[in-house]
Every structure is written in C-alpha cells, then in structure tokens.
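Throughout, a chain's letter reflects where its sequence line sits, starting with A, and its residues are numbered from 1. Side-chain atoms are counted along with the backbone in the values below, which use heavy atoms only and exclude waters and symmetry mates. Note that the structure is predicted; figures quoted are calculated from it, not measured.
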Amino acid sequence: MPNYWLFKTEPETFGWERLKREGRTEWSGVRNYQARNHMLSMKLGDLGFFYHSSIPEPGIAGIVRVVREAYPDFTARVRGGDYYDPRATDANPIWQMVDVAYEAEIPRYVSLAELRGNVALAATMLLLKRGSRLSVQPVHVREWKIILDLAGRP
DNA sequence: GCCAACGTTGGC
DNA sequence: GCCAACGTTGGC
C-alpha cells in the first residue's frame, strides 16, 4: 500500500517533458523543513503527482514514483551554488532529497482551477488550502483517486 | 519567548 | 507586477 504525494515544480526549471525524457531525477534543493520531513517519510514505490506551478495554468501533469528513499541533499554543500547552506556538514547534512522517476502519463492535464472546482478536494486537499505553498506534500488516497478520476474524464 | 522585519512562494 | 501568506532571522 503506497503512500501518495505531490511534488511542485516550475516547468521552466524542471518540467514534466524533461522528466519523461530523462526518466528519473534527484529531487534536490528543497529548503523547507516540513517538505524535507515529508521526503524523510517516503518509501520506495510511493507515488506522487507532478505539479506545475508558477505558470498561467498551474496543475497536475503526470505521475512519478519514488525510486530512492531520502538521502543527504549534496547541493547544500556546493559552495556558491543556488542551494548552498553553510550550516550543512557531513555529520549533519540538514537537507535531504529523494529520487523520483517517470511512472505514468495521465490522460488529461488537471488544472488547479479544476481541482478547486471539486467540492470534496476543495474541502480537504492541502494544495488548495489558503496560503498553502508546501513544495512537497502528502495526498490522501481519497484525493488521489478523485484526481485520477478527473484526469480520466474527457 | 515574543514579534517585527525580511525574503520567498505562487496564484492571480 | 501585485500582494497575501508563510517561514526564518535576530534584537530585545
């Protein structure tokens, strides 16, 4: 029984098309403790929605699978890099990442507006909560199924 | 421990 | 580009 997640990304930085091309990627650069803690609790085989943010029509573009459980995010150690954190050490890396892989295409892109339009989702889904901006977040199995259903509708 | 100031996220 | 919401920092 896998757990379900949602990974936010700006397609301009790393989008669904690129993941499909490359097959797999390191989910590095997360610098929020709550998001990190979610990654720490991920298990091999967990599934996630791949969500496109900061575009005219944000939404869910596809499905990914966790193919490596949490390990230290080395980008925190790259001096001068965008994700450098001077507090990170070998003994205490602070930040973690997982690897995710392309899992499946969804039949249809599900926009944020459409998610909001679903009463059940609007009531519970973290993504839709006012002010919510967590870049890695859990998705309830109930929500997962509703969204798959939406994606399958013409 | 409080809270103001600041930087960032991300929808609109 | 605007701005509300959020997380973090640092003075006190």
Got a sec, which residues hit ring-ring contact (aromatic ring centres under 6.0 Å, His included) with [X], two or more places apart in sequence or on another chain?
X      : value
A:Y51  : none
A:F7   : A:W27
A:Y102 : A:W16
A:Y33  : A:W95

Can you build the contact string for nucleotides 6-12 of chain B? Use B for base contact, S for sugar-phosphate-only contact, and - for no protein heavy atom under 4.0 Å. -BBBBSS
Tell me every residue that passes salt bridge (Lys or Arg N to Asp or Glu O under 4.0 Å) with A:E69, counting only those two or more places apart in sequence or in another chain.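 A:E69 satisfies salt bridge (Lys or Arg N to Asp or Glu O under 4.0 Å) with no other residue.
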Who passes salt bridge (Lys or Arg N to Asp or Glu O under 4.0 Å) against A:D82, sequence neighbours left out?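 Residues passing salt bridge (Lys or Arg N to Asp or Glu O under 4.0 Å) with A:D82: none at all.
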Could you tell me which residues satisfy side chain to side chain contact (heavy atoms under 4.5 Å, CB included) with A:Y83, sequence neighbours excluded, listed by chain and number?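 Side chain to side chain contact (heavy atoms under 4.5 Å, CB included) list for A:Y83, sorted by chain: A:R31, A:T75.
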Please list residues of residues 26-33 of chain A whose heavy atoms come under 4.0 Å from any atom in DNA chain C, ordered by number; otherwise none.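 Heavy-atom contacts with DNA chain C come from A:N32, A:Y33.
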